[in-house]
Number of protein chains: 2
Amino acid sequence: MTEAPNVNRATCPSRIVLEHVTSRWGLLVLAALRERSFRFSELRREIGGVSEKMLAQTLQTLERDGFLLRDAKPVIPPRVDYSLTVMGREAADQVWALAHWVERQLPAVVEARESYDGARVS
Amino acid sequence: MTEAPNVNRATCPSRIVLEHVTSRWGLLVLAALRERSFRFSELRREIGGVSEKMLAQTLQTLERDGFLLRDAKPVIPPRVDYSLTVMGREAADQVWALAHWVERQLPAVVEARESYDGARVS
DNA sequence: CGGCATCCCTGTGGATACTG
DNA sequence: CAGTATCCACAGGGATGCCG
């Protein structure tokens, strides 16, 4: 058994980072960028349902944490490409594996829910 | 490359489950229960900083999804033990691996942040 | 096009009190 | 002890409008 990370503290720094990569949009950004680099509005269309504000905010957070690179080309009209860093790639693979695993368990989860809800009605 | 789970839809069911296991307290509950089963208030003390309401809510959600078992013993005073199901154990290991990886990357993240913040000041 | 600022609303989640 | 119920504060996050 490896030594326990102390994520038990609400203020623990790794907790914050963990929330960045598993957050609603953070996860989707990382997942999308696994395939290739994206422009801002490409990313927005690819993910779907994300507001400009949240996408910008998410991208900034992940860039600041060192998970992705922002390449702003000084042209008119502006063109900004986002891609994963090496660390970002690892993070993306991790959360992707988790997402994938969850999706595989979905039938079991649905069944568990029906069982749970059924028991409460009877 | 395995086929992509479609987590891109905000309404996607697996998104919901993913949020349950990676949520603030969900993660900590799963992490704690990897070691052994816990009673309600044991868990509350172990995790630290979690309100009764949120712990109860988190436990219910994870139980309903089939990640953990609730064993309520009909005694006075009440005694309720929580433990992982087989699926819960797998989920816990996954999120734990992720948390652990994040913690290892923490120095790199801090460095990236300093670099990012420094560039904005200069 | 790719943001940033502002406004505003909803829902998460904490504190407290009560019950079986 | 192990919850439920209620209230409420605050922040996450959406919509809109403006700027480089």
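Keep in mind it's a predicted model, so treat the numbers as computed, not measured. Residue numbers start from 1 in every chain, and the chains themselves are labelled A, B, ... in the order their sequence lines are given, proteins ahead of strands.
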>> For a side-chain contact (heavy atoms from CB on, under 4.5 Å) check, start with the C-alpha distance between A:Leu55 and A:Phe40, then their side-chain angles and the critical distance, and finish with the verdict.
In response: CA-CA 8 Å; A:Leu55 181 56; A:Phe40 185 87; 4.0 Å; yes
>> For a side-chain contact (heavy atoms from CB on, under 4.5 Å) check, start with the C-alpha distance between A:Gln105 and A:Trp101, then their side-chain angles and the critical distance, and finish with the verdict.
In response: CA-CA 6 Å; A:Gln105 309 306 315; A:Trp101 177 85; 3.2 Å; yes
>> For A:Val29 and A:Ile47: C-alpha separation, side-chain torsions, deciding distance, then whether side-chain contact (heavy atoms from CB on, under 4.5 Å) applies.
In response: CA-CA 7 Å; A:Val29 165; A:Ile47 291 177; 3.7 Å; yes
> So A:Leu84 and A:Glu90, side-chain contact (heavy atoms from CB on, under 4.5 Å) or not? Walk me through it.
Replying inline: CA-CA 9 Å; A:Leu84 294 175; A:Glu90 288 180 47; over 6 Å; no
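Residue contacts for A:Gln60: at a heavy-atom cut-off of 4.0 Å it reaches the sugar-phosphate backbone alone, with no base atom in range.
An OP1 or OP2 oxygen of C:dG2 is reached within less than 4.0 angstrom by a side-chain nitrogen or oxygen of A:Arg39. For the OP1/OP2 pair of C:dG3 and a distance below 4.0 Å, the side-chain nitrogens and oxygens of A:Arg44 include no atom meeting the criterion.
Spacing between atom CD1 of B:Ile76 and atom C1' of D:dG3 amounts to 13 Å, rounded to whole angstrom units. Note: CG (A:Asp81) to C1' (C:dG3) measures 15 Å, nearest angstrom. In this structure, CG of A:Leu55 is placed 14 Å from C1' of D:dG14, rounded to the nearest angstrom. Nucleotide C:dG2 holds its C1' atom 15 Å from the CD1 atom of A:Ile47, rounded to whole Å. Rounded to an integer number of Å, the gap from B:Glu63 CD to D:dA2 P is 15 Å. For the pair A:Glu19 CD and D:dG13 C1', the computed distance is 15 Å after rounding to whole Å. Here C:dT16 presents its P atom at 12 Å from CD of B:Glu52, a figure rounded to the nearest Å.
The side chain of A:Ser41 lies closest to C:dC1, out of D:dC1, C:dC1, C:dG3.
Axis angle, first five pairs versus last five pairs of the helix from C:dC1-D:dG20 to C:dG20-D:dC1: 50°, rounded to 10°.
Ion pairing of A:Asp117 with B:Arg64 is present here, as a side-chain N (NZ or NE/NH1/NH2) and a carboxylate O approach within less than 4.0 Å. Using a cut-off of 4.0 Å between Lys/Arg side-chain N and Asp/Glu carboxylate O, B:Arg36 and B:Glu42 are scored as salt-bridged.
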Tabulate protein N/O versus nucleotide N/O from nucleotides 7-14 of chain C, keeping only pairs under 3.5 Å, one per line.
residue : atom : partner : partner atom : Å
C:dG13  : N7   : B:Lys53 : NZ           : 2.9
C:dG14  : OP1  : B:Arg24 : NH1          : 3.1
C:dG14  : OP2  : B:Ser51 : OG           : 3.3
C:dG14  : O6   : B:Lys53 : NZ           : 2.4

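Linking ILVMFWY residues whenever their side-chain heavy atoms come closer than 4.5 Å, directly or via other members, places B:Leu106 and A:Leu62 in the same cluster.
Checking each of B:Arg39, B:Arg70, B:Lys73 against B:Asp81 for a salt bridge (charged side-chain N to carboxylate O under 4.0 Å, His left out) leaves exactly one that passes, namely B:Lys73. When each of B:Leu27, B:Leu30, B:Thr61 is tested with B:His20 by the rule side-chain contact (heavy atoms from CB on, under 4.5 Å), just one qualifies, namely B:Thr61.
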